[in-house]
Amino acid sequence: MLLEDFYTVVESRQIDESSNEFTVDLHKKHPIFLGHFPNFPVTPGVAMLQMIKNCLETQLSHELILKSASSIKFLTLVNPNEDSILIFNIMYSVENDVIKVKNSTSLRDGRSVLKCNVTFVKK
């Protein structure tokens, strides 16, 4: 995991055979927030993409490599001091070694944070 001690998956539930929901609690004191941005911490978008990858690797029991990403929309800034819980809804399809993902991430109050389509390949 690239972001050691950055977050904890507090709940993981399988919706159906190709869809999962992961509830993640960000660690507010993680050093990444000191530099992004000082006195106004914001969760980096690339870190959220990494969380999608990590959650999917756990679900599929396989290491993945990001192949492509499209339609990435960051819709709400995530300040961990105000909203530390993120809910990732990950729908995916697996074809050979290619995993296509449609993700929708939100806060507990339902506000959308991130929507994206990504493609991973098995490592």
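No side-chain heavy atom of Asn117 sits less than 4.5 Å from a side-chain heavy atom of Val101. Residues Ile99 and Leu64 meet the side-chain proximity criterion, which asks for heavy atoms closer than 4.5 Å. Considering only heavy atoms from C-beta on, Glu21 comes within 4.5 Å of Ile87 through its side chain. Between Thr119 and Val98 the shortest side-chain heavy-atom distance falls below 4.5 Å. Residues Ser84 and Asn79 fail the side-chain proximity criterion, which asks for heavy atoms closer than 4.5 Å. Ile90 has its side chain within reach of Phe22: a pair of non-hydrogen atoms, C-beta onward, lies under 4.5 Å apart. Proximity of Phe88 to Thr23: side-chain heavy atoms (C-beta onward) are nowhere separated by under 4.5 Å. The closest side-chain heavy-atom distance from Ser93 to Ser18 is not below 4.5 Å.
For the side chain to side chain donor-acceptor pair (under 3.5 Å) test, no residue two or more places apart in sequence or in another chain qualifies with Ser70. With sequence neighbours excluded, no residue forms a side chain to side chain donor-acceptor pair (under 3.5 Å) with Thr43.
Ile52 and Met91 fall into different hydrophobic clusters, where Ile, Leu, Val, Met, Phe, Trp and Tyr side chains are chained together by heavy-atom contacts under 4.5 Å.
Taking a cutoff of 4.0 Å between a charged side-chain nitrogen and a carboxylate oxygen, Asp97 and Lys123 do not qualify as a salt bridge.
Checked by atom type, the side-chain pair Asn103/Tyr92 shows no donor-acceptor distance below 3.5 Å.
Not less than 6.0 angstrom separates the ring centroid of Phe33 from the ring centroid of Phe40. Side-chain rings of His30 and Phe6 approach one another, their centers coming within less than 6.0 Å.
Residues Ser104 and Lys115 come closest through the heavy atom pair OG-CE, 4.1 Å. Minimum interatomic distance between Asn20 and Gln14 (heavy atoms only, all atoms of both residues): ND2-CA, 3.5 Å. Here the closest non-hydrogen pair linking Pro80 and Pro41 is CD-O, 3.7 Å. Nearest approach of Ala69 to Val118, heavy atoms of both residues: CB-CG1, 3.6 Å.
Between the side chain of Ser61 and the backbone N or O of Glu57 there is no donor-acceptor pair closer than 3.5 Å.
Taken from OH in Tyr7 to CD in Gln50, the straight-line distance is 7.0 Å, to the nearest 0.5 Å. Here the NE2-CG distance, from His62 to Leu56, works out to 11.5 Å after rounding to the nearest 0.5 Å.
No more than 12 heavy-atom neighbours from other residues, nucleotides or ligands sit within 6.0 angstrom of CD on Glu63.
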